[in-house]
Amino acid sequence: LSRLNKLILETTNKLDDYDIVGAARDIEYFVTEDLSRWYVRRIRDVMKSVESSSNNQAGKEKIETQNVLNFVLLEIAKLLASFTPFMSEKIYEELGGEKESIHLENLTEGGRIDKKLLEDMEKIRHIVSLALEARAHANIKVRQPLQSLTLNTVYSSISANLLQLIKDEVNLKEILFDSTFSQDDQMNLDVNLTPELKEEGLLRDLIREIQVGRKEAGLTPQDKASAKILVPRETKSVAEKFKEQIKKETNLKELSMEESEKLSISFS
């Protein structure tokens with residue numbers, strides 16, 4: 001919401017100065033980078049977690065997240081109305097706009113902008129980008145957990161909640177700080193894979209493959225199913241060890257497995 005309020009302020013100022021192109025580019029960047037590639041990806045687990053209900057914490061979080069996303073999309077539609085009148089009208093109607101037309105709405109003046117939060121989030125996204133680049137350079141996929149990321153102590157003032165975003169995005173066990181880093185050293189990613197980490201990586205890969213298989217089989221997330229998997233020896237030992245966890249995370253009532261050179265999944 002702080003980022004949206006900043007966008008509204010900047011866009012309004014640019015339109016007042018007849019900087020039409022600059023305003024349009026600001027809106028485009030917000031929608032593609034801030035909203036789609038960051039915020040929407042970050043809220044996927046919340047949106048998929050449970051049915052909306054105010055009776056539990058997870059349900060409350062989902063309802064709140066839905067309300068925030070709906071509000072942001074409505075405000076973006078208002079900003080877009082001068083640029084794309086028909087598309088913004090369609091978005092407005094789909095979101096249940098209260099007036100007969102979006103073009104009868106007033107532009108929102110925006111609200112409070114938490115500058116420190118925006119600065120910290122920018123740092124978080126920068127670190128995530130560097131860490132994912134280091135992962136790619138080491139040829140380690142994101143589903144494979146890593147033990148730690150060490151940061152320069154200049155980042156130690158960032159709240160634990162925001163640091164958790166780094167752990168989630170980069171798939172880390174812990175974040176450490178090192179006061180001996182030089183000014184140019186921002187982070188160091190530990191890419192050493194212990195047997196335990198490799199085991200967890202195989203587990204996450206298998207769970208993902210089962211989820212993909214469920215979707216391809218036409219099963220909904222709520223459908224209970226039985227599955228038979230053919231897996232390589234190394235993966236089979238991990239599957240047997242974490243069988244109950246796999247069943248829980250993939251909503252299976254039964255899970256059987258056999259050793260095979262190639263992974264294969266069938267449902268009944």
inquiry  = Go through it in stages, so that I can follow the logic: the residues are T108 and E75, the test is side chain to side chain donor-acceptor pair (under 3.5 Å), and I'd like the CA-CA distance, side-chain angles, deciding distance and then a yes or no.
reply    = CA-CA 7 Å; T108 305; E75 294 306 309; 2.2 Å; yes
ask   = Between the side chain of Q147 and the main-chain N/O of D190, is any donor-acceptor distance below 3.5 Å?
value = no
request  = Indicate yes or no: at least one non-hydrogen side-chain atom of N192 is less than 4.5 angstrom from one of L146.
outcome  = no
message = Strictly below 4.0 Å, N to O, side chains only: are K167 and E174 in salt-bridge contact?
response = no
query = Please walk me through it: do R204 and E200 pass salt bridge (Lys or Arg N to Asp or Glu O under 4.0 Å)?
reply = CA-CA 6 Å; R204 300 257 57 91; E200 188 174 345; 5.2 Å; no
ask   = Can you list the other members of the hydrophobic cluster that holds L104, where links are side-chain heavy atoms under 4.5 angstrom apart?
value = none
query = Is the shortest side-chain N to carboxylate O distance from K247 to E244 below 4.0 Å?
reply = yes
inquiry  = Starting from L1, can I reach M121 by hopping between I/L/V/M/F/W/Y residues whose side chains sit under 4.5 Å apart?
reply    = no
query = Going by atom types only, do N70 and Q66 share a side-chain donor-acceptor pair under 3.5 Å?
reply = no
query = Considering residues, nucleotides and ligands other than N67, do more than 12 of their heavy atoms fall under 6.0 Å from its CG?
reply = yes
task = Decide yes or no on salt bridge (Lys or Arg N to Asp or Glu O under 4.0 Å) for R42 and E169, but give the supporting numbers first.
result = CA-CA 8 Å; R42 291 301 320 142; E169 285 288 311; 2.9 Å; yes
ask   = Is the number of heavy atoms from other residues, nucleotides or ligands within 6.0 Å of CZ (R25) greater than 12?
value = no
Co-members of the apolar cluster containing F242 [side chain, <4.5 Å] = L202, L203, L206, I207, I210, L219, I229, V231, V238, I246, L252, L255, M257, L263, I265, F267
Side-chain donor/acceptor pairs under 3.5 Å, residues 125-137, sequence neighbours excluded:
from, atom 1, to, atom 2, distance (Å)
R125, NH1, D34, OD1, 2.7
R125, NH2, E33, O, 3.3
R125, NH2, D34, OD1, 3.4
H126, NE2, Q186, OE1, 3.1
R135, NE, V170, O, 2.9
R135, NH1, I140, O, 3.4
R135, NH1, K141, O, 2.5
R135, NH1, Q144, O, 3.2
R135, NH2, Q144, O, 2.5
R135, NH2, V170, O, 2.9
R135, NH2, N171, O, 3.4

message = Determine whether a donor-acceptor pair (N or O, by modelled atom type, separation under 3.5 Å) exists between the side chain of N13 and the backbone of E10.
response = no
message = With clusters defined by side-chain heavy atoms of hydrophobic residues (ILVMFWY) lying less than 4.5 Å apart, directly or transitively, does W38 cluster with Y29?
response = no
ask   = Do L117 and I158 belong to the same hydrophobic cluster, where Ile, Leu, Val, Met, Phe, Trp and Tyr are linked whenever their side-chain heavy atoms lie under 4.5 Å apart, directly or via other members?
value = yes
ask   = Would the number of heavy atoms belonging to other residues, nucleotides or ligands and lying under 6.0 Å from NZ of K173 be above 12?
value = no
request  = Taking atom types as modelled, find out whether D178 and T180 have a side-chain donor-acceptor pair closer than 3.5 angstrom.
outcome  = yes
key: S2 versus N5, side-chain donor and acceptor atoms under 3.5 Å   = no
